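Written below as structure tokens is the structure these notes are about.
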Amino acid sequence: MPELPEVETTCRGIAPHILDRNVRDVIVREPRLRWPVPRRLRKILKGARFTAVNRRAKYLLLETDKGILMVHLGMSGSLRIMPADTPALFHDHIDVVLDDGRCLRYHDPRRFGSFHWLQTLEHPLLDHLGPEPLAASFDGSYLYERSRGRRIPVKQFIMDGKIVVGVGNIYANEALFMAGIHPARAAGRVALSRYELLAQTIKTVLGDAIEQGGTTLRDFVGGDGSPGYFAQQLRVYGRQGQPCRACKSVLKEIRKGGRSTVYCPDCQR
DNA sequence: ATGACAACCTGTGGGC
DNA sequence: TGCCCACAGGTTGTCA
């Protein structure tokens, strides 16, 4: 479920509930995630106190006085705060039990998510990540410079975490529509002025989605259990065969990098 | 370096 | 009604 707005929503949702709380216990029911959950996690995390909650790309960085718990939600993961004695459901893989009788519970049917334990923010998975899309350093000229000579479709280009992080399939489709750029166009053949517009629409679509608590697809819920409300205003994602909201042309669907790609054949060139 | 593609895993929905 | 296949929000690793 999670694209960057969902991860940010989760980050903001759980932060006030875990900050300054001590970890009473850690229950790992299923350690087989994208990478095995560290066997020593329970021993190390027990007694730690959460000191900060941050996000880098789609990684949640739950900092404690003993180290950093790095969590990725993968395709289907979610984190919820709930009473520690709430019966665990199928796919409730990990509980971080807090000292107030509640717990941070990780649920992930597909198990593409991950839990890592870090001593510092230096980690191979965080090494070669591109800039945050909402940072000032991410702009049209950056995209233009990085794209020269690249033949891959511009959609896959902006979904490459080494170029810019946090642009997932839904928002890549939306941002390209808003910028009037055809998703299959070679990245190296998009002009500077159009990249300036694209950088803008990426910031806008992600920013708006964060404001509205993420996109609700199937059962996404934020850290406090409230659903997001962005789905209803998607412009192209999931709307193949339906009329373009701008020009009424029938939206088309193609596959790029194995991902569903929806666009307006008349608005996007 | 680049780009194409398989892999990880379960659940769901559409077509027959 | 039920079965089977394709596909789903992400990312890494391999190979040509």
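A quick note: this is a predicted structure, and the numbers were derived from the prediction, not measured.
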Can you tell me the distance, in whole Å, between the [atom1] atom of [X] and the [atom2] atom of [N]?
X: A:E6; N: C:dT11; atom1: CD; atom2: P; value: 12 Å
X: A:R148; N: B:dA1; atom1: CZ; atom2: C1'; value: 17 Å
X: A:N173; N: C:dG9; atom1: CG; atom2: P; value: 9 Å
X: A:Y237; N: C:dG10; atom1: OH; atom2: P; value: 8 Å
X: A:I254; N: C:dC7; atom1: CD1; atom2: P; value: 14 Å
X: A:K155; N: B:dA4; atom1: NZ; atom2: C1'; value: 15 Å
X: A:K58; N: C:dT11; atom1: NZ; atom2: C1'; value: 9 Å
X: A:I158; N: C:dT11; atom1: CD1; atom2: P; value: 14 Å

Is [X] near enough to [N] that one of its side-chain N or O atoms lies under 4.0 angstrom from OP1 or OP2?
X: A:H72; N: C:dG10; value: no
X: A:R146; N: B:dA1; value: no
X: A:R151; N: B:dT2; value: no
X: A:Y59; N: C:dT11; value: no

- Message: Rounding to an integer number of angstrom, what distance separates C:dC7 and B:dA6 when you compare their C1' atoms?
- Response: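 Straight-line distance between the two C1' atoms is 16 Å.
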- Pick the P atom in B:dG14 and in C:dG9, then give their distance to the nearest Å.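 One P to the other, the span is 16 Å.
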Which nucleotide, [options], lies nearest any side-chain atom of [X]?
X: A:M159; options: B:dC9, C:dC7, C:dG10; value: C:dG10
X: A:W35; options: C:dT12, B:dT10, C:dG9; value: C:dT12
X: A:R34; options: B:dC8, B:dA4, B:dG3; value: B:dC8

Heavy-atom distance under 4.5 Å between the side chains of [X] and [Y], does that happen here?
X: A:D95; Y: A:R29; value: yes
X: A:L4; Y: A:V167; value: no
X: A:I254; Y: A:K256; value: yes
X: A:L33; Y: A:I94; value: yes

- Message: Tell me whether the rings of A:F115 and A:Y106 are parallel (<30°), tilted (30 to 60°) or perpendicular (>60°).
- Response: perpendicular
- Residue met sooner reading DNA chain B from 5', once A:F90 and A:P153 are mapped to nucleotides: A:P153
- Complementary nucleotide for B:dG14 - Watson-Crick or wobble, under 3.5 Å: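 With both distances under 3.5 Å, B:dG14 matches C:dC4.
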- Message: Does A:R32 reach a base, just sugar-phosphate, or nothing at all? Heavy atoms under 4.0 Å.
- Response: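 No contact.
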- With a non-hydrogen cut-off below 4.0 angstrom, is A:F157 in contact with a base, only sugar-phosphate, or nothing?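 The residue A:F157 makes no contact with any strand.
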- Query: With centres under 5.5 Å and planes under 30°, do A:F112 and B:dC8 count as stacked?
  - Reply: yes
